[in-house]
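For reference, the structure is listed below as structure tokens.
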Amino acid sequence: KAGVTQTPRYLIKTRGQQVTLSCSPISGHRSVSWYQQTPGQGLQFLFEYFSETQRNKGNFPGRFSGRQFSNSRSEMNVSTLELGDSALYLCASSPNRETNEKLFFGSGTQLSVL
Amino acid sequence: DAKTTQPPSMDCAEGRAANLPCNHSTISGNEYVYWYRQIHSQGPQYIIHGLKNNETNEMASLIITEDRKSSTLILPHATLRDTAVYYCIVRALYNNNDMRFGAGTRLTVKP
């Protein structure tokens with residue numbers, strides 16, 4: 001069974017641009033959550049989607065948004081990029097909300113904002 | 001802020017047991033202790049979790065003190081591939097908002 005797939009693996013953008021990151025969960029998994037990881041702040045929760053609906057949101061500005069499609073694939077978007085948005089963005093999936101004790105993470109997208 | 005405290009680094013000889021401690025003195029009654037590890041340039045990998053009883057799976061054992069204020073992750077026979085950063089987190093079962101990793105413990109397994 002294929003794991004969680006995130007694309008692209010690396011991305012370089014400049015301030016003010018926007019970016020879209022993609023996540024394909026493990027087949028059959030319906031819950032997808034997104035995290036930002038930086039050396040200074042560690043790993044922080046962005047948002048969680050289940051059945052195409054955002055179920056939970058972390059403490060990030062509105063520039064960070066996401067969505068989930070009917071096939072459970074998810075995208076996150078960051079608009080008006082800032083230097084501080086440089087981070088590893090991780091996506092994790094679990095079968096459903098009731099069994100999300102185990103999160104399966106992708107390898108992440110390393111975003112660099114110049 | 002992470003709710004856990006871990007030593008920044010540890011070394012372990014290959015083939016020996018690696019015991020990684022974690023303090024979580026403010027843990028709530030409905031919060032579980034989770035362990036994940038992250039090998040460089042990969043996403044975190046789930047290892048084990050528990051509420052109050054000791055747990056064991058194919059990867060590791062988790063020992064939780066009776067007062068639940070601390071725990072120890074045990075890798076019984078460490079290999080070079082176990083070299084990674086190990087994160088201890090506490091969270092309620094269905095609350096991804098609490099999925100906050102601190103700095104973790106960088107475990108280096110040496111031949």
Side-chain angles (χ1 to χ4, degrees), chain A residues 2-7 9-10 21 23-26 29-50 54-60 66 68 74 87-111, chain B residues 1-9 22 24 27-28 30-53 55-60 62 64 71 73 84-106:
Chain A
V4 177
T5 304
Q6 292 188 245
T7 57
R9 186 75 178 89
Y10 300 96
L21 312 181
C23 172
S24 294
I26 292 173
H29 285 196
R30 298 167 60 197
S31 176
V32 174
S33 50
W34 287 88
Y35 304 84
Q36 181 195 66
Q37 187 174 34
T38 60
Q41 297 295 321
L43 189 142
Q44 299 182 87
F45 171 75
L46 280 158
F47 25 66
E48 176 195 2
Y49 287 89
F50 180 78
Q54 187 179 92
R55 304 291 179 159
N56 243 326
K57 190 176 191 305
N59 188 27
F60 278 82
Q68 186 180 34
S74 177
L88 179 66
Y89 290 88
L90 292 159
C91 163
S93 74
S94 61
N96 54 59
R97 300 197 79 219
E98 287 68 37
T99 58
N100 73 353
E101 68 271 16
K102 289 184 190 180
L103 293 179
F104 296 84
F105 284 84
S107 295
T109 294
Q110 184 68 53
L111 173 64
Chain B
D1 291 331
K3 300 178 183 178
T4 62
T5 304
Q6 300 176 252
S9 64
C22 179
H24 31 80
I27 191 170
S28 301
N30 67 338
E31 289 181 322
Y32 286 66
V33 179
Y34 286 77
W35 284 84
Y36 281 78
R37 72 180 183 184
Q38 189 170 22
I39 297 170
H40 181 64
S41 77
Q42 297 182 22
Q45 177 191 22
Y46 166 85
I47 300 173
I48 199 168
H49 76 286
L51 183 62
K52 54 183 178 181
N53 297 321
E55 302 288 343
T56 295
N57 63 21
E58 65 280 3
M59 289 183 68
L62 173 61
I64 302 174
S71 61
L73 177 75
V85 178
Y86 287 76
Y87 297 99
C88 166
I89 63 172
V90 295
R91 71 171 180 113
L93 191 58
Y94 308 130
N95 188 357
N96 285 341
N97 285 6
D98 283 341
M99 187 64 78
R100 286 173 289 177
F101 291 18
T105 296
R106 181 173 299 278

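Computed from a predicted model, the values in this text were never measured in an experiment. Every chain is numbered from 1 and lettered A, B, ... according to where its sequence line falls, protein lines coming before strand lines.
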Seminar exercise, completed: NZ of A/K102 to CD1 of B/I47, rounded to nearest 0.5 Å, is 12.5 Å

For this session: Name the region of A/L88, side chain, backbone, both or neither, that has any atom closer than 4.5 Å to a heavy atom of chain B.
Result: side chain

Exercise. Taking it one step at a time, do B/Y36 and A/L103 satisfy side chain to side chain contact (heavy atoms under 4.5 Å, CB included)?
Worked result: CA-CA 10 Å; B/Y36 281 78; A/L103 293 179; 3.5 Å; yes

Exercise. Between B/P44 and A/L90, what is the shortest heavy-atom contact and its length?
Worked result: CD-CD1, 3.7 Å

Exercise. Between B/Y87 and A/Q37, what is the shortest heavy-atom contact and its length?
Worked result: OH-NE2, 3.5 Å

Exercise. Can A/F105 and B/Y46 be said to form a ring pair (Phe, Tyr, Trp, His ring centres under 6.0 Å), step by step?
Worked result: CA-CA 8 Å; A/F105 284 84; B/Y46 166 85; over 10 Å; no

Exercise. What residues, two or more places apart in sequence or in another chain, satisfy side chain to side chain donor-acceptor pair (under 3.5 Å) together with A/Q41?
Worked result: none

Seminar exercise, completed: Contacts satisfying salt bridge (charged side-chain N to carboxylate O under 4.0 Å, His left out) that involve residues 35-48 of chain B (not counting sequence neighbours) are B/R37-B/D82

